[in-house]
Chemist: 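Submitted below is the structure of interest, expressed as structure tokens.
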Amino acid sequence: MTKVVTRFAPSPTGHLHIGGARTAIFCWLLARHFGGQYFLRIEDTDVERSRQEYTDSILASMLWLGLDWDGELVYQTQRTDLYNAYVDTLLASGHAYWCACTPDEVDAMREDARAKGLKPRYDGRCRTRNVGPGEGHCVRLKAPLTGRVVFDDLVKGTIAVDVAELDDMILRRSDGMPTYNMAVVVDDYEMGVTHVIRGDDHVSNTPKQILIYEALGLPLPRFGHVPMILGPDKQKLSKRHGARAVIEYQQDGLLPQALVNYLVRLGWSHGDQELFSLEELKTLFDGTSLNAAPSAFDPDKLHWLNAQYLRATPAAELAALTKPFVDAAFGGKAYAAERLEGAVGLYRERANSLVELAAAVQSLLVTAADLVFDPAAKAKALKDNALTHVAALRAAFAVLTPFDAPTLEACMHTYVEQGGFKFKQVGPPVRLALTGSLGGPHLPDVMALLGREESLARLDALCAG
RNA sequence: GUCCCCAUCGUCUAGUGGCCCAGGACAACGCCCUUUCACGGCGUCGACGCCGGUUCAAACCCGGCUGGGGACGCCA
């Protein structure tokens, strides 16, 4: 088996978005599957927009998702000399030339071409002018004039482009900095990258980069372009589609396994299987079965997956994960933390995210005096002589032993049967007293968790108020 | 405008010439379970964009059309 080296190369101009995250997952999986290496390269050559805090954020998201990387981070801004050395060899070998055209002149050329219905491109007028280095001069690739660039894409199959579509691209800007395509080729080669997995939006860069590889006489890596992730409306993912950064999903209380699982299944599949652990993915994902068509992001399915993982997480662990969200919900106020794990156990199947879980669990953690009643529920439950049932049961519960779920349940049933009531008359007001609402976990379980003292206090509070 | 890519239920997808009058999952809807809300179980709705080929046979192969997306920077 040949060595597999992949890389993920974000530019630190924003947080890690789900599209990038999915690409990173594919890269990581491919490397891990084949026992290869996965590198991270920070493409920070756009000094204006690049920020250290974004690099930090991207790395944090990467780790949160469970994607570890090999080796040191590569920062493109630290490798200018390296890129320039390659540009110089291209200049020396006659594969590149100096160009004195100004941006305005080139713009004019493009407009001209577009007006004629042609592809806007640089016309190569400095190719033979021998202008040499100088103020405002950049270096361009002396691209072949005829022929086709053909490559076999891992996900899209054969892609062919006529070189007439390409122009003599700039390799080094007039300020001495390399351009994106130049830097990428040098880096991928220097880092030993064997599989370049990246977003669909780069397909048109690939032929250009191949031209540079060829001019440099370097071996080509394998390319794989994964399609974009679209919004639920099939349009390009944008601000109006809500959360797009993985950090936002983290804040919304999503589990990283759920996000990874969801993202992987967007564009990749393994028969009818829906649930995959990271370990399982490592053994299953070999870079095949990738879908060439773009896919729409479906928040509903993400939440469903998250619910699956929420239920699969052991109660103690889930309580620990939920705690920060509960702390935030209480805004620093004290609450019955000793009931957290039990409450999480009772509500886990009723929540799709940690945020929802934290909100649901709140009513069991406040003190009786702070319990908030849902007005609609209150109006609905406190009909007829509902409070007499509450008072009667309160008296029964006060002397009940043991105070556990089965005994409590039996006690309630006895009360209902002996009084000739319907449970519908008795259950709702009791539930309202205990949780402030009319939905939720099995009542005896709630009381057992709250304990006798707290349960009685809540029943009293409703009767009094 | 030019070039490139894509095309199965609303969505994610299975499907690589006969097993498919197309399977699974999410969503929706209904029923069951249930003292409530959920979970769960069962079921319903629902797709091969269109037109031509090739073939005994096409969702699968070929061509065109239509529709969608992407790229055309001294951004990445």
Side-chain angles (χ1 to χ4, degrees), chain A residues 9-11 13 43-46 48-50 76 99 101-103 106-107 110 113-122 136-140 153 155-157 159-162 164-167 169-181 183-184 199-208 225 227-228 230 232 234-236 262 265-275 289 291-305 307 311 347-351 360 377 381 409 412-413 416 422-428 430-432 435 437-444:
Chain A
S11 50
T13 55
E43 309 210 322
D44 54 354
T45 54
D46 183 348
E48 292 295 306
R49 298 191 300 146
S50 296
Q76 288 193 319
C99 171
C101 296
T102 66
V106 180
D107 282 348
R110 292 206 173 91
R114 199 184 278 266
K116 288 178 187 155
L118 301 172
K119 186 139 187 154
R121 52 201 288 275
Y122 175 68
H137 295 186
C138 63
V139 176
R140 287 182 182 273
D153 193 89
V155 351
K156 293 176 187 291
I159 294 178
V161 178
D162 198 306
E165 294 298 323
L166 280 14
D167 63 2
M169 77 193 98
I170 294 176
L171 303 177
R172 180 199 287 164
R173 295 184 254 258
S174 52
D175 65 1
M177 292 295 284
T179 54
Y180 167 74
N181 282 311
V184 165
D200 216 350
D201 47 336
H202 284 289
V203 273
S204 57
N205 279 322
T206 303
K208 301 179 188 178
H225 294 92
M228 306 194 56
L230 273 21
K234 283 280 191 179
Q235 295 301 301
K236 188 171 180 173
Y262 179 73
R265 276 288 283 106
L266 221 48
W268 178 84
S269 58
H270 180 69
D272 286 338
Q273 190 170 343
E274 297 286 352
L275 265 25
S289 299
N291 197 159
S295 41
F297 188 83
D298 179 10
D300 285 335
K301 189 151 185 180
L302 208 211
H303 285 126
W304 173 78
L305 266 169
R311 276 175 236 143
Y347 274 102
R348 66 190 313 168
E349 302 202 328
R350 274 157 262 256
E409 183 166 13
M412 290 180 81
H413 275 117
V416 167
K422 296 245 183 254
F423 204 96
K424 262 190 288 206
Q425 302 171 274
V426 180
V430 174
R431 175 176 293 283
L432 180 74
T435 68
S437 71
L438 293 182
H442 197 50
L443 233 26

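Chain A is the first sequence line, chain B the second, and so forth, proteins listed ahead of strands; every chain is numbered from 1.
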Chemist: Taking B/C50 as the reference, what is the distance to B/U11 when you measure between their C1' atoms (whole Å, please)?
Modeler: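 Approximately 23 Å lies between the C1' atom of B/U11 and that of B/C50.
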
Chemist: Determine the interatomic distance between C1' on B/U8 and the same-named atom on B/G68; round to the nearest Å.
Modeler: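 It works out to 16 Å between them.
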
Chemist: Of all nucleotides in RNA chain B that come within under 4.0 Å of a heavy atom of chain A, which is furthest toward the 5' end and which toward the 3' end?
Modeler: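 Contact span on the strand: B/G1 to B/A76.
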
Chemist: Indicate the atoms forming the closest heavy-atom contact of A/Ala351 with A/Ala307, along with that distance.
Modeler: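 Heavy atoms only, the tightest pair is O-CB, 4.1 Å.
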
Chemist: Given the C1' atoms of B/U2 and B/C45, what is the spacing between them in whole Å?
Modeler: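 That atom pair is separated by 44 Å.
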
Chemist: Taking side chain to side chain donor-acceptor pair (under 3.5 Å) as the definition, give me every residue that meets it alongside A/Arg49, ordered by chain and number, with sequence neighbours left out.
Modeler: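 Testing A/Arg49 for side chain to side chain donor-acceptor pair (under 3.5 Å), a comparison that skips the adjacent residues, returns A/Asp46.
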
Chemist: Can you list everything that forms a salt bridge (charged side-chain N to carboxylate O under 4.0 Å, His left out) with A/Arg140? Sequence neighbours excluded, please.
Modeler: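 Salt bridge (charged side-chain N to carboxylate O under 4.0 Å, His left out) check on A/Arg140 returns nothing, list empty.
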
Chemist: Determine the Euclidean distance between corresponding P atoms of B/C20 and B/A27; express it in Å to zero decimal places.
Modeler: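 Rounded to whole Å, the distance is 27 Å.
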
Chemist: Less than 4.0 Å between a side-chain N and a carboxylate O, is that true for A/Asp200 and A/Lys156?
Modeler: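 Between A/Asp200 and A/Lys156 there is a salt bridge, with a charged N closer than 4.0 Å to a carboxylate O.
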
Chemist: Can you tell me the base-pairing partner of B/U11? Count Watson-Crick or G-U wobble geometry only, both distances below 3.5 Å, and say none if there is no partner.
Modeler: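 Across all strands, the one nucleotide that pairs with B/U11 is B/A25.
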
Chemist: List in chain and number order the residues that pass ring pair (Phe, Tyr, Trp, His ring centres under 6.0 Å) with A/His303, two or more places apart in sequence or in another chain; answer none if no residue qualifies.
Modeler: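 None.
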
Chemist: When the P atoms of B/A22 and B/C60 are considered, how many whole Å apart are they?
Modeler: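 Straight-line distance between the two P atoms is 15 Å.
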
Chemist: Applying the Watson-Crick and G-U wobble criteria at under 3.5 Å, what pairs with B/A71? Answer none if nothing qualifies.
Modeler: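 The answer is B/U2, by the H-bond criterion.
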
Chemist: Listed by chain and number, what are the ring pair (Phe, Tyr, Trp, His ring centres under 6.0 Å) partners of A/His442, not counting sequence neighbours?
Modeler: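 Not a single residue meets the ring pair (Phe, Tyr, Trp, His ring centres under 6.0 Å) criterion with A/His442.
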
Chemist: Mind checking who B/C61 pairs with, Watson-Crick or G-U wobble, both distances under 3.5 Å?
Modeler: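 Checking every strand shown, B/C61 finds its partner in B/G53, with both distances under 3.5 Å.
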
Chemist: What interatomic distance, in whole Å, is found between C1' of B/U55 and the corresponding atom of B/C12?
Modeler: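 Approximately 33 Å lies between the C1' atom of B/C12 and that of B/U55.
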
Chemist: Under 4.0 Å between any heavy atoms, over every strand shown, what does A/Pro232 touch: base, sugar-phosphate, or nothing? Just pick one.
Modeler: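 Answer is nothing: A/Pro232 stays at 4.0 Å or more from every strand.
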
Chemist: Both distances under 3.5 Å, Watson-Crick or G-U wobble: report the partner of B/C37, or none.
Modeler: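 Pair assignment: B/C37 / none.
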
Chemist: Look at all strands and tell whether A/Lys156 reaches a base, only sugar-phosphate, or nothing, counting heavy atoms closer than 4.0 Å.
Modeler: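 It contacts sugar-phosphate atoms only.
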
Chemist: With sequence neighbours excluded, what pairs up with A/Lys422 under the salt bridge (charged side-chain N to carboxylate O under 4.0 Å, His left out) test?
Modeler: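 A/Lys422 satisfies salt bridge (charged side-chain N to carboxylate O under 4.0 Å, His left out) with no residue once adjacent residues are dropped.
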
